[in-house]
There are 2 protein chains.
Amino acid sequence: MDIAERRKADPQHWRLATAIRALAMDAVEAANSGHPGMPMGMADVATVLFRNHLKFDASAPNWFDRDRFVLSAGHGSMLIYALLHLTGYEQMSIEQIKNFRQWGSITAGHPEYGHAEGVETTTGPLGQGIATSVGMAIAEEAMRAQFGEELCTHKTWVIAGDGCLMEGISQEAIALAGNLKLKNLIVLWDNNDITIDGRVSISDSTNQHERFEASGWRVLACDGHNAADIDRALTDAASGKDDRPVLVDCKTIIGFGAPKKQDTSGAHGSPLGAEEIAAARAAFGWDYAPFVIPEDVAADWRAIGARGAEARAAWNARVDALNGPARDEFARRISGEISEKLAPALNALKAQSSEAQPKVATRKASEMVLEIINTELPETIGGSADLTGSNNTKTKGMEVFSPANRKGRYVNYGIREHGMAAAMNGIYLHGGLRPYGGTFMSFTDYARGAMRLSALMGIPVIYVMTHDSIGLGEDGPTHQPVEHLAMLRATPNTWVFRPCDVIETAEAWDLALDTEETPSVLALSRQNLPTLRTTHTEENLTARGAYVLREASAEAKVILMATGSEVEIAVNAREALEAQGIPTRVVSVPSMELFRDQPESYRAEVLPGKTVRIAIEAAVRMPWDWLLLGERGSEKTSAFVGMTGFGASAPAPTLYKEFGITAEAVTERAKALLA
Amino acid sequence: MDIAERRKADPQHWRLATAIRALAMDAVEAANSGHPGMPMGMADVATVLFRNHLKFDASAPNWFDRDRFVLSAGHGSMLIYALLHLTGYEQMSIEQIKNFRQWGSITAGHPEYGHAEGVETTTGPLGQGIATSVGMAIAEEAMRAQFGEELCTHKTWVIAGDGCLMEGISQEAIALAGNLKLKNLIVLWDNNDITIDGRVSISDSTNQHERFEASGWRVLACDGHNAADIDRALTDAASGKDDRPVLVDCKTIIGFGAPKKQDTSGAHGSPLGAEEIAAARAAFGWDYAPFVIPEDVAADWRAIGARGAEARAAWNARVDALNGPARDEFARRISGEISEKLAPALNALKAQSSEAQPKVATRKASEMVLEIINTELPETIGGSADLTGSNNTKTKGMEVFSPANRKGRYVNYGIREHGMAAAMNGIYLHGGLRPYGGTFMSFTDYARGAMRLSALMGIPVIYVMTHDSIGLGEDGPTHQPVEHLAMLRATPNTWVFRPCDVIETAEAWDLALDTEETPSVLALSRQNLPTLRTTHTEENLTARGAYVLREASAEAKVILMATGSEVEIAVNAREALEAQGIPTRVVSVPSMELFRDQPESYRAEVLPGKTVRIAIEAAVRMPWDWLLLGERGSEKTSAFVGMTGFGASAPAPTLYKEFGITAEAVTERAKALLA
């Protein structure tokens with residue numbers, strides 16, 4: 001069917017979809033950069049989705065029970081910007097469209113969560129959207145189970161491209177969704193057979209139908225430029241006729257309608273050019289100036305944007321009809337506010353621990369804290385990438401989230417660190433739940449793509465990263481992080497906590513839960529550690545980032561700084577130095593980020609100048625230069641005791657000794673620097 | 001069939017396989033840590049493989065034309081250590097087995113490349129082995145095409161577990177191998193249905209047969225404890241009856257023979273305990289002390305280890321029969337030595353560029369250098385993760401490596417950064433080729449798992465990471481690295497080059513190719529940059545890591561340090577400062593790692609004390625503290641001009657201005673510090 005026939009087949013649909021295509025062409029042309037091909041190719045599918053299927057109300061972008069729409073192929077950002085503008089999202093003015101990809105606009109090159117309402121998650125790095133959506137669909141099932149289908153029944157619609165499906169994270173997402181039978185997850189595959197380097201066949205010949213079916217998905221297909229056929233497929237997809245998530249293979253043509261560039265990678269990632277745009281406009285029968293939407297089309301689109309108002313009103317009525325406490329709790333949950341019961345419960349644990357002084361690994365300490373958190377906060381949803389017993393992430397009585405038990409609050413993510421991290425992003429973004437998940441710290445490497453998005457989006461996902469150093473011992477250097485603390489500390493808007501005992505672990509969890517803007521990484525030990533905070537404080541000292549854990553017996557000549565498992569070493573070295581008449585202070589540094597945020601005066605109190613300084617951490621030195629050489633430190637009076645390369649396979653005590661990370665080594669260095 | 005029947009069915013096989021099981025149980029018990037279940041489960045499959053199929057000669061572990069054997073499920077390291085010991089690899093003495101997982105032994109917790117001969121690659125992080133193997137199989141095809149089947153015809157055998165198949169990287173590997181029709185790649189799936197957290201079904205219900213078939217694999221199956229059935233399947237797999245890679249589903253029981261723990265996750269990752277081991281020994285009919293192999297079994301295994309001697313002799317004869325130049329070139333190729341023709345050719349480019357002073361992006365500069373490299377070095381094999389035109393990785397006349405053209409030296413890796421990085425590891429490890437591959441620097445995040453292994457293994461894979469800062473502009477913060485330079489610089493044994501112009505780019509490539517021990521990352525600009533090295537030097541100044549690019553007109557009061565695209569800013573700021581009478585030196589820092597390796601005296605020459613120092617880099621400050629505060633620097637006289645958070649979507653010049661990374665800003669900071 002050529003364009004002329006398609007125009008005739010359904011003129012109203014045609015004009016609605018053409019409005020998207022025109023805005024995409026025009027905005028990319030004005031920006032002189034961007035990706036016109038994808039929005040032009042998927043305009044028909046998106047039009048049918050928004051017109052007939054997506055549950056939303058443009059006047060209330062954050063309505064809790066809306067369907068979620070995720071543009072996994074984020075480079076096609078003009079598709080979603082055009083849809084938001086046309087359906088009447090207030091923020092998304094035509095000026096914003098005209099300022100596509102410009103400083104200060106909300107129309108970034110790739111959709112950025114927090115910039116424009118209606119953008120449910122940041123996408124662009126391929127595969128993230130589809131994997132994040134799995135988390136949204138998990139959250140929808142969980143919230144429905146917890147609050148009832150009257151309050152939570154919606155779908156998660158995803159547009160994914162060939163690139164999303166080639167990225168490994170997509171397999172993790174697909175397999176997880178299939179196993180969990182997330183039937184309200186529907187992926188619309190923009191099957192345009194083009195990647196940047198050419199036809200898909202040059203790099204892939206996967207039969208996607210068979211691949212998805214192999215992982216427990218239902219697969220449908222449609223002609224992605226035939227509104228009736230699209231509608232048939234989406235209706236079937238949304239029918240929930242069985243319990244499988246659904247892939248809809250939408251056969252499309254990239255850059256549809258651009259006479260010379262369509263169906264080539266030339267339409268993918270650069271402006272079409274004035275001539276091609278003019279020719280496309282002619283083919284479309286779209287005789288309007290750039291950025292102009294004729295009133296009939298504008299009115300039709302606005303009506304689509306208002307389609308969900310009634311459903312939303314009904315939902316509001318159902319919420320209002322709840323009894324007071326139920327309504328308050330539901331409101332609290334979707335607001336993300338933490339229950340006031342948590343703080344006193346954690347304080348009690350701190351008090352009790354400073355008394356009992358348990359000697360446990362901080363991963364075990366984390367479990368002790370989680371016992372309280374999971375009791376006080378019904379919104380937590382935990383999990384692990386198949387290391388539950390090692391990460392200590394599953395507390396007593398926690399049930400597994402499964403097709404048979406949607407009230408379970410523990411997700412078996414499988415051996416899928418990246419998929420887990422992205423799913424946690426999605427769970428949080430959905431609202432109503434607070435996700436945490438564990439793996440070995442070294443496998444931060446696998447999860448990085450999604451962890452960076454937690455930071456960029458500013459969402460408080462909590463990463464429980466155990467086995468955080470050579471202290472993991474025999475598993476060897478592949479499993480021993482040495483650069484990962486530096487990596488994470490270098491990442492903007494990421495809190496890295498490396499607590500030294502139960503009390504700092506409780507404080508770190510408290511901070512990680514108390515923020516709504518920053519993801520946290522808890523770096524936790526495999527090996528047992530003594531309780532070092534032996535005097536109870538109500539104050540959360542970890543919130544200061546660094547603080548004096550042991551004061552020197554007189555004006556300090558030496559300051560020992562350390563984190564996590566190495567604080568014990570610092571404390572022991574202090575004892576040895578004090579015994580030799582050298583007044584020595586120990587500073588615990590559970591979070592460099594929070595210490596950096598402290599007032600200069602506090603930092604100067606903790607780290608005055610003119611002392612010897614030694615930092616001790618079983619990792620690379622890089623992040624410590626700041627505290628050794630800066631902050632009144634100096635090259636001549638400071639040293640670092642830590643790792644200079646990869647670890648090795650041996651029992652942990654041997655490794656600490658062989659790599660020279662011991663109280664004796666610290667003591668010697670301190671004395672040498674004083675001399 | 002119970003154990004007694006299996007013992008009777010093939011007694012010789014049974015005793016061979018039992019030797020592996022016993023060593024695995026004993027070594028894990030002695031180490032008091034490790035993974036007995038996998039070696040016990042796969043002992044039968046491995047025995048049949050080594051006895052009847054694998055082409056190898058234990059007396060010549062590095063014989064070029066051997067079959068490659070990769071234990072992707074690296075936690076089962078005792079399987080490979082037992083096999084190497086039993087077949088007679090000289091290094092793998094029984095003492096090494098007894099010292100499993102101990103300091104100084106070659107029997108690390110996970111197999112480490114470079115520790116024990118016969119370990120073809122480091123594994124442990126799941127999925128890496130299978131993805132690395134794809135590179136080995138690519139290399140085998142490429143070398144066969146280049147040198148003939150007489151010199152290169154071998155298979156790559158992989159043992160992969162459920163964990164490997166759940167990791168996303170496995171999908172990238174499978175799809176790439178299927179598309180490239182790597183028929184000499186055979187994956188033996190240890191289908192034991194157990195993960196650490198329990199049955200596979202708790203996290204996965206993928207039909208692996210259908211999944212592999214969907215990506216173009218041939219799928220076979222066998223009873224993994226029946227030698228005859230295994231042999232049938234492996235014979236079929238090795239037959240090359242069509243051009244697809246092969247998956248063999250080996251149905252096994254984890255911890256096979258341990259009466260209480262077999263078929264449970266209890267057999268996976270911890271010692272079985274004395275009682276269970278005794279019971280297993282009884283069931284096995286293995287009445288020998290720990291670590292004792294009876295002489296009949298030892299002799300049979302040694303004979304297996306010598307099985308390939310004849311084939312190796314024949315291969316040696318074929319190599320000897322080559323004419324002199326062909327033999328020399330083949331020897332050079334498999335030695336990894338770089339042709340002497342490269343250095344003068346690169347020097348000519350440097351000379352010419354210092355004259356012509358092209359203004360090009362360093363990604364384009366990299367292409368100019370690659371034009372020379374790919375001409376002079378037939379061993380290079382390039383590629384990109386679907387960003388060929390952006391990474392500038394494909395030089396003129398380069399053909400694509402494909403099933404139809406195995407002489408092609410360019411791999412379309414697809415949108416698979418992690419799979420690409422792992423495949424490059426495998427290509428290098430195979431021998432004969434020098435791989436490089438490109439993507440956007442920000443997607444280092446996706447490739448991290450394999451990039452870390454390049455560093456840990458100490459292999460000179462070259463990563464061409466373009467679009468290395470906010471200079472990429474409109475694509476926005478998802479695509480703009482800010483922490484990635486820090487991440488990579490924090491990683492041990494990784495060279496990070498950020499060249500400022502064509503000449504530094506040529507020097508960086510020269511260094512990256514000249515090492516056999518260290519992977520290199522070339523961080524390259526999207527945007528055009530002037531040639532700043534306007535005086536030709538034969539010496540490779542980048543080899544010094546940092547050097548004086550512009551000397552101050554008198555004793556320097558200010559030193560500006562910068563890398564890559566920011567060196568131009570430093571040079572402009574210097575001009576402004578000099579114009580105001582402030583003698584200013586510019587130090588280009590193309591590689592911090594190499595500068596750190598310089599003698600202290602040289603570092604002091606480049607960075608004397610008592611000047612103002614400003615570092616300029618469009619990234620986070622962390623790695624610069626060393627050069628700003630250390631190396632005779634100080635807090636009071638230094639500053640950093642760079643990024644403090646994520647980037648934004650806008651044209652690059654706007655971003656530099658808005659984020660304050662400009663010559664004006666540098667000039668102002670310098671004057672403020674001087675005041």
Side-chain angles (χ1 to χ4, degrees), chain A residues 33 101-103 108-110 124-126 163 166-169 171-172 175 179 195-197 202-207 210-211 214-216 386 388 412 414-416 418 445-446 448-449 452 456 474-478 483 486-487 490-492 620 622 625-626 629-630 635 645-646 649-650 654 658, chain B residues 33 101-103 108-110 124-126 163 166-169 171-172 175 179 195-197 202-207 210-211 214-216 386 388 412 414-416 418 445-446 448-449 452 456 474-478 483 486-487 490-492 620 622 625-626 629-630 635 645-646 649-650 654 658:
Chain A
S33 85
R101 293 180 152 235
Q102 304 308 307
W103 180 261
H110 293 81
L126 294 175
M166 277 199 227
E167 291 287 1
I169 191 175
Q171 182 64 23
E172 301 185 15
N179 194 58
T195 74
I196 290 174
D197 281 355
I202 67 169
S203 58
D204 193 51
S205 41
T206 299
N207 183 320
E210 292 176 11
R211 176 188 171 206
S215 285
D386 196 50
T388 295
N412 286 316
I415 300 146
R416 306 184 181 105
H418 205 177
D445 285 338
Y446 279 47
R448 263 293 299 176
R452 186 176 203 252
L456 179 58
E474 293 89 342
D475 273 348
T478 51
E483 72 274 43
M487 278 169 52
T491 307
V620 299
M622 188 185 284
D625 284 328
W626 164 47
L629 310 175
E635 200 162 26
F646 293 110
S649 171
T654 306
E658 294 287 347
Chain B
S33 84
R101 294 181 152 233
Q102 304 308 306
W103 181 261
H110 294 80
L126 293 175
M166 277 199 226
E167 290 287 0
I169 190 176
Q171 183 64 22
E172 301 185 16
N179 195 57
T195 73
I196 290 174
D197 280 354
I202 67 169
S203 58
D204 193 52
S205 41
T206 299
N207 182 320
E210 291 175 12
R211 175 188 171 206
S215 285
D386 197 49
T388 295
N412 285 317
I415 300 146
R416 304 183 182 108
H418 204 178
D445 284 338
Y446 279 48
R448 263 292 299 177
R452 186 177 202 250
L456 179 58
E474 292 89 342
D475 272 348
T478 51
E483 71 274 44
M487 278 170 52
T491 306
V620 299
M622 189 186 285
D625 284 328
W626 164 47
L629 310 175
E635 199 161 27
F646 293 110
S649 171
T654 306
E658 294 287 347

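Per chain, numbering begins at 1; letters A, B, ... match sequence-line order.
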Enter the distance from [X]:[atom1] to [Y]:[atom2] here, rounded to the nearest 0.5 Å.
X: B:H110; Y: B:L456; atom1: NE2; atom2: CG; value: 12.0 Å
X: B:I202; Y: A:N412; atom1: CD1; atom2: CG; value: 4.0 Å
X: A:N179; Y: A:R416; atom1: CG; atom2: CZ; value: 6.5 Å

Is it the side chain or the backbone of B:S33 that comes within 4.5 Å of chain A heavy atoms, both, or neither? side chain

Can you list the residues that meet the salt bridge (Lys or Arg N to Asp or Glu O under 4.0 Å) rule with B:D475, with sequence neighbours excluded? A:R101

Looking at [options], which makes the most heavy-atom pairs under 4.5 Å with chain A?
options: B:E658, B:E210, B:E172; answer: B:E658
options: B:G168, B:A108, B:G109, B:G163; answer: B:G168
options: B:M487, B:E635, B:R452; answer: B:R452
options: B:D197, B:T491, B:T478, B:T195; answer: B:D197

For chain B, which of A:G124, A:G645, A:A490, A:G414 has the most heavy-atom pairs under 4.5 Å?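 Among the listed options, the one with the most contacts to chain B is A:A490.
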
Mind ranking A:G449, A:A486, A:G630, A:G476 by heavy-atom pairs under 4.5 Å with chain B and telling me who comes out on top?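 Ranked by heavy-atom pairs under 4.5 Å with chain B, first place is A:G630.
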
Is chain B contacted by the side chain of [X], its backbone, both, or neither, given a heavy-atom distance below 4.5 Å?
X: A:T654; value: side chain
X: A:H418; value: side chain
X: A:Y446; value: side chain

For a 4.5 angstrom cut-off between non-hydrogen side-chain atoms, does A:P125 reach A:E167?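 No. Closest side-chain heavy atoms not under 4.5 Å.
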
Nearest heavy-atom pair of B:V620 and B:E483: which atoms, and what distance? CG2-CA, 4.1 Å

